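Take a look at the structure set out below.
All values reported here derive from a predicted model rather than from experimental measurement. Quick note: residue numbers are just sequence positions, from 1.
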Amino acid sequence: MRREIPLYTLEGVRDAETSTHHFTTEDGLGLSLLRFHRAPCRDVVMIVHGLTTSSDMFIQPEHENLVSHLLDAGFTDVWTLDFRMSNRHAYNLQPSDWSMDDCALFDHPAAVAKIREVAGADVNLHVICHCLGAMSFTMALFAGTVTGIRSCIANSVALTPHVPTWSRIKGHVFPFIIERILQQPYVSPRWSEDPRLTVGKGLSKLVSLFHRECDVPACHMLSLMWGTGWPALYRHENLAEITHRRGGDLYGPVGLNYHKHVLKMLGHGHRTVRMKPDDPRYADLPDDYLAGAAAVETPCLFMTGDANRVFTDSNIHCHRALEDVVPGRHQLAIFEGYGHQDVFMGNRVHEDIFPRLVAFLDEQRG
């Protein structure tokens with residue numbers, strides 16, 4: 001396959017000094033941050049991807065991307081985090097028992113510490129986070145493993161996950177089929193590209209039989225992996241066709257341990273709870289991440305598309321729950337005609353989405 005856009009390219013961000021900053025978590029993982037620096041800035045932004053994606057979803061060259069938009073809006077020091085869920089690292093390819101608790105306890109605090117080490121301990125740090133990156137970061141924020149965050153924008157889901165009924169059914173059945181019956185350590189959107197007939201390639205062909213909405217097998221697999229819909233992750237009309245066709249590059253393979261944590265939360269009143277409450281490794285984390293919400297002073301903007309077929313109205317529920325505790329502290333933005341992923345990866349997001357995010361960040365500047 002000849003790529004139209006290079007894998008892991010940085011060509012989408014112009015007129016900025018780009019550097020990679022490696023750091024290590026307390027549980028022994030090497031992770032990384034990309035820094036896009038145009039000029040000194042007191043208000044620094046860290047952007048966090050979701051499960052199976054990476055920094056690449058925020059620096060796409062085929063449309064005006066979030067990093068470039070922020071740089072042009074005066075936030076001239078922007079960092080993108082590639083944590084353990086990133087397809088830029090190999091960790092999703094190996095079986096593990098990791099959950100969002102590991103990200104909240106180890107990844108996000110270490111990333112924040114690295115930014116402050118390089119950019120300055122006294123910078124005003126703002127965070128924009130997405131999908132399970134948003135869930136795990138808000139868990140870290142509300143657990144107190146990260147502190148001093150000036151503001152936070154969380155897309156699609158945060159502390160009160162809700163999913164479509166079919167997604168919940170898949171959550172109970174899918175891990176058993178993939179792990180026990182098919183004996184696969186992960187599921188991949190690129191299985192259709194396997195050079196020979198494999199279990200994964202066979203499953204991809206089977207899934208495509210039920211998805212006639214387009215001719216991109218990776219898109220079909222992504223609808224199996226996440227959400228409910230044809231397609232599930234986004235609305236086709238919001239994506240440039242080149243973005244749609246390179247889904248196998250923008251989303252990577254992943255094991256199903258994180259899905260299991262979400263499923264547990266759904267069964268505990270749609271609240272973020274610890275995956276292993278009796279494990280002493282996670283004793284510093286709360287059993288229920290919403291329990292101490294009143295003490296968290298960081299203002300959050302909870303955002304979602306009104307056609308979200310992955311986490312539906314999760315962030316509407318989250319905003320409502322926090323309004324009951326601290327009225328007026330947090331904000332809600334619902335974007336008409338958008339789904340889960342296309343609020344960052346659509347070809348008109350610089351007009352439809354980003355101005356609202358910049359307006360919130362401007363309100364929270366130091």
Side-chain angles (χ1 to χ4, degrees), residues 8-23 31-50 53-83 85-86 88 107-131 133-134 136-138 140-141 146 148-155 250 298-301 303 333 341 343-346 349-351 353-366:
Y8 305 143
T9 181
L10 302 183
E11 294 173 1
V13 181
R14 307 286 184 179
D15 302 321
E17 179 185 350
T18 304
S19 54
T20 302
H21 299 263
H22 300 279
F23 62 95
L31 302 179
S32 58
L33 288 145
L34 283 171
R35 185 189 194 187
F36 303 90
H37 187 259
R38 186 175 289 174
C41 186
R42 290 281 302 144
D43 289 273
V44 176
V45 181
M46 179 177 81
I47 314 177
V48 185
H49 61 82
T53 53
S54 68
S55 289
D56 296 280
M57 66 174 284
F58 304 113
I59 57 175
Q60 293 173 243
E62 65 265 40
H63 67 83
E64 184 176 325
N65 56 67
L66 181 59
V67 169
S68 295
H69 193 92
L70 290 171
L71 292 170
D72 291 343
F75 294 91
T76 54
D77 193 1
V78 180
W79 301 64
T80 60
L81 169 64
D82 283 286
F83 67 117
M85 290 184 186
S86 173
R88 281 184 169 235
D107 296 12
H108 299 308
V112 168
K114 186 64 178 180
I115 292 175
R116 287 180 172 145
E117 173 192 325
V118 177
D122 59 345
V123 295
N124 302 307
L125 184 57
H126 307 262
V127 176
I128 301 174
C129 47
H130 166 66
C131 186
S136 58
F137 185 82
T138 53
L141 181 63
V146 296
I149 303 300
R150 186 76 181 192
S151 72
C152 176
I153 300 174
N155 179 58
L250 291 168
T298 300
C300 299
L301 171 64
M303 57 178 279
Q341 198 80 25
V343 294
F344 291 116
M345 297 171 67
V349 288
H350 61 290
E351 299 172 349
I353 310 295
F354 296 165
R356 177 68 178 90
L357 311 191
V358 169
F360 176 79
L361 293 176
D362 279 335
E363 289 176 12
Q364 312 304 330
R365 278 183 182 270

Is the closest side-chain donor-acceptor distance between S19 and H37 under 3.5 Å? no

Please walk me through it: do Q341 and T53 pass side chain to side chain contact (heavy atoms under 4.5 Å, CB included)? CA-CA 10 Å; Q341 198 80 25; T53 53; 3.7 Å; yes

Determine whether L70 and I128 make a side-chain contact, defined as any pair of heavy atoms from C-beta on separated by less than 4.5 Å. yes

Nearest heavy-atom approach of C152 to F360 is O-CE2, 3.8 Å

With R38 as partner, the option from T76, D72, D15 fulfilling side-chain hydrogen bond (donor to acceptor under 3.5 Å, both in side chains) is D72

Worksheet entry | S151 and H126: side chain donor to acceptor below 3.5 Å | yes

Of all heavy-atom pairs linking R365 and R150, the shortest is O-NH2, 3.3 Å

Is F23 close to E117 at the side-chain level, that is, under 4.5 Å between some pair of heavy atoms? no

Inset, instruction - Check the angle between the aromatic planes of F344 and H130 and answer parallel, tilted or perpendicular using the 30° and 60° thresholds. - result: perpendicular

Side chain to side chain contact (heavy atoms under 4.5 Å, CB included) test vs I153 passes for just one of V45, L361, I47, V127, namely L361

Under 3.5 Å: donor-acceptor pair, side chain of D43, backbone of F75: no

TODO: Determine, step by step, whether M303 and L357 satisfy the side chain to side chain contact (heavy atoms under 4.5 Å, CB included) criterion, reporting the C-alpha distance in whole Å, the side-chain angles of both residues, the deciding distance to 0.1 Å, and the verdict.
DONE: CA-CA 9 Å; M303 57 178 279; L357 311 191; 3.5 Å; yes

Side chain S68, main chain G12, donor-acceptor under 3.5 Å: yes

Residues R88, D56; criterion side chain to side chain contact (heavy atoms under 4.5 Å, CB included); working and verdict = CA-CA 9 Å; R88 281 184 169 235; D56 296 280; 2.8 Å; yes

Between L71 and the options D77, N65, V13, the side chain to side chain contact (heavy atoms under 4.5 Å, CB included) test singles out V13

- Task: Evaluate the ring planes of W79 and H21, with Trp represented by its six-membered ring, and classify them as parallel (under 30°), tilted (30 to 60°) or perpendicular (over 60°).
- Result: tilted

